[in-house]
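Each remark here refers to the structure printed beneath this line.
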There are 2 protein chains.
Amino acid sequence: MRHAEFDRERVLRAAMCTFMVNGYTKTSMQDLTKATGLHPGSIYCAFDNKKGLFIAAIEQYQQDRTDQFKQLFANDHSTVDNLSDYLAQILQECLSGDATKACLLTKSLSEMGEQDEQIKQITCQFLQSWHQSIAQVFDTAKAQQLIPQKSDSQFLAQYLVMGIYGLRTVANTQPDVEVLQPLADKLLADLIRQ
Amino acid sequence: MRHAEFDRERVLRAAMCTFMVNGYTKTSMQDLTKATGLHPGSIYCAFDNKKGLFIAAIEQYQQDRTDQFKQLFANDHSTVDNLSDYLAQILQECLSGDATKACLLTKSLSEMGEQDEQIKQITCQFLQSWHQSIAQVFDTAKAQQLIPQKSDSQFLAQYLVMGIYGLRTVANTQPDVEVLQPLADKLLADLIRQ
DNA sequence: TCCTTAATTGAATACACATTCAAGAATAAT
DNA sequence: ATTATTCTTGAATGTGTATTCAATTAAGGA
């Protein structure tokens with residue numbers, strides 16, 4: 001017996017970044033061997049093929065984002081403050097200039113959703129689960145009486161998701177905090193308004 | 001002398017649709033010859049290369065959208081009603097299932113903005129000009145006293161643009177009028193609120 | 001220590017792709 | 001009709017691609 005020599009998470013994060021910057025189609029196996037340090041054969045041995053590595057990278061991305069999200073809301077602050085911090089963090093990503101400024105899930109869905117049913121299902125499922133996590137946050141806000149009891153958490157979560165998608169897209173053309181911050185502020189205000 | 005035999009607009013719209021469905025990278029010259037009915041040599045004669053055809057298609061897209069926009073607002077209805085109709089039209093596109101459900105500009109910017117400076121500039125410029133057209137609509141709404149005089153048209157336009165980006169992205173995962181209509185309604189309500 | 005099993009290596013393979021080009025066809029001016 | 005000009009045709013070209021595979025290397029059990 002012999003174990004794999006590489007660190008799976010490190011390899012997946014390297015692949016993840018490459019896919020986020022170039023997109024799936026424009027990322028060549030050569031790009032991936034350079035980014036991961038693995039030889040073609042090793043990639044095919046561990047992940048079957050380019051698409052297998054892509055899916056594994058997407059799953060790692062989802063895992064990382066879920067952990068990050070949970071950590072941000074794992075405190076006893078006001079839920080509204082946490083939401084504000086969450087938006088601030090997203091804005092920072094949009095403005096950072098590095099790979100995280102794009103969301104791998106929406107980018108992949110936009111690129112491949114039309115042609116690849118499997119990618120479409122995986123990304124949609126992960127985006128739905130993100131939506132549900134946000135809905136839970138609004139449920140908490142209701143329990144804290146920060147928003148009206150008659151509020152529809154599912155709807156508010158959907159609206160926030162829409163706003164975040166929009167913010168990220170605006171950031172593509174206007175990566176400017178002076179533009180994005182007021183948008184984020186109004187978005188949050190419109191969400192918690194009576 | 002001899003004139004080109006093909007109808008330029010028809011060719012550009014065919015190419016446009018192909019690019020919208022597949023994206024630039026995944027559209028092969030073979031796809032384009034099939035969609036346009038032109039042979040490779042004719043395409044290279046008329047548009048230099050694949051990217052030249054792509055840029056021409058983007059320009060045609062922008063022209064078509066601008067015409068459509070102007071037509072929708074060229075009446076003496078309440079500006080708010082026109083905005084409502086505009087959002088309804090966008091929703092219809094999102095739900096139509098055909099190529100128009102994606103915006104060629106944002107899709108291209110997301111796919112190629114990172115690698116191709118020229119595409120980035122063209123798409124950004126066209127998206128900015130769209131933003132300005134919407135800002136003019138809010139100026140009209142101010143003149144009609146439908147929104148407060150102190151409103152910032154630029155900001156409201158940016159917020160609507162953000163919302164439309166978001167709506168289109170939500171439609172990728174939830175192409176459902178029951179989901180999208182309430183989002184569009186709240187978006188409009190939040191825009192014209194005192 | 002030897003042997004089985006599995007991972008690693010990187011050159012070789014087969015294929016798809018954008019692009020070219022020389023020959024042919026159509027047009028308009030002379 | 002002739003000629004010059006330009007467009008059209010589609011097979012050929014060369015490059016970049018994902019993938020394979022036989023040889024090699026390492027690890028753990030007997």
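Chain letters run A, B, ... following the sequence lines, proteins first, then strands; residues in each count from 1.
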Residue mapping more 5' on DNA chain D - nearest nucleotide basis, A:Asp31 or A:Asp48: A:Asp31
Nearest-Å distance for atom pair CG/P, residues A:Asn49 and D:dT20: 8 Å
A:Asn22 CG - D:dA18 P separation (whole Å): 11 Å
Carboxylate-amine/guanidinium contact A:Asp116 A:Lys51, below 4.0 Å: yes
Side chain proximity check, B:Ile164 to B:Ile90, heavy atoms < 4.5 angstrom: yes
Heavy atoms of other groups near A:Gln115 CD, more than 12 under 6.0 Å: yes
Of all pairs that satisfy salt bridge (Lys or Arg N to Asp or Glu O under 4.0 Å), the ones with a partner from residues 53-67 of chain B, not counting sequence neighbours: B:Arg13-B:Asp64, B:Arg65-B:Glu93
OP1 or OP2 of D:dG10 under 4.0 Å from side-chain N/O of B:His39: yes
Test of ring centre spacing under 6.0 Å for B:Phe69 and B:Tyr86: yes
End axis versus end axis in the helix from C:dT1-D:dA30 to C:dT30-D:dA1, the angle rounded to 10°, five pairs used at each terminus: 0°
A:Phe54 CZ to D:dT19 P, straight-line distance once rounded to whole Å: 14 Å
Interatomic distance where CG belongs to A:Leu32 and P belongs to D:dT17 [whole Å]: 11 Å
Pairs under 3.5 Å (N/O, protein and nucleotides 21-23 of chain C):
none

Between P of C:dT19 and CG of B:Leu53, the distance in whole Å: 11 Å
Min side-chain heavy-atom separation A:Leu156-A:Ile147 under 4.5 Å: yes
Salt bridge (Lys or Arg N to Asp or Glu O under 4.0 Å) between A:Glu114 and B:Lys101, worked out: CA-CA 11 Å; A:Glu114 213 63 37; B:Lys101 75 176 166 182; 3.5 Å; yes
Six-ring centre of A:Tyr24, A:Lys50 cation under 6.0 angstrom, axis tolerance 45°: yes
Separation of atom NZ in A:Lys26 from atom C1' in C:dA18, rounded to whole Å: 13 Å
Touch class at under 4.0 angstrom, heavy-atom based, for A:Thr25 against every strand present: nothing
Spacing between A:Gln30 atom CD and D:dT19 atom P, to the nearest angstrom: 15 Å
Closest to the B:Ser28 side chain, choosing from C:dC17, D:dA18, C:dT8: C:dC17
Near-ring test B:Phe54/B:Phe19, centroid separation under 6.0 angstrom: yes
Separation of C:dA16 P from B:Lys34 NZ (nearest whole Å): 13 Å
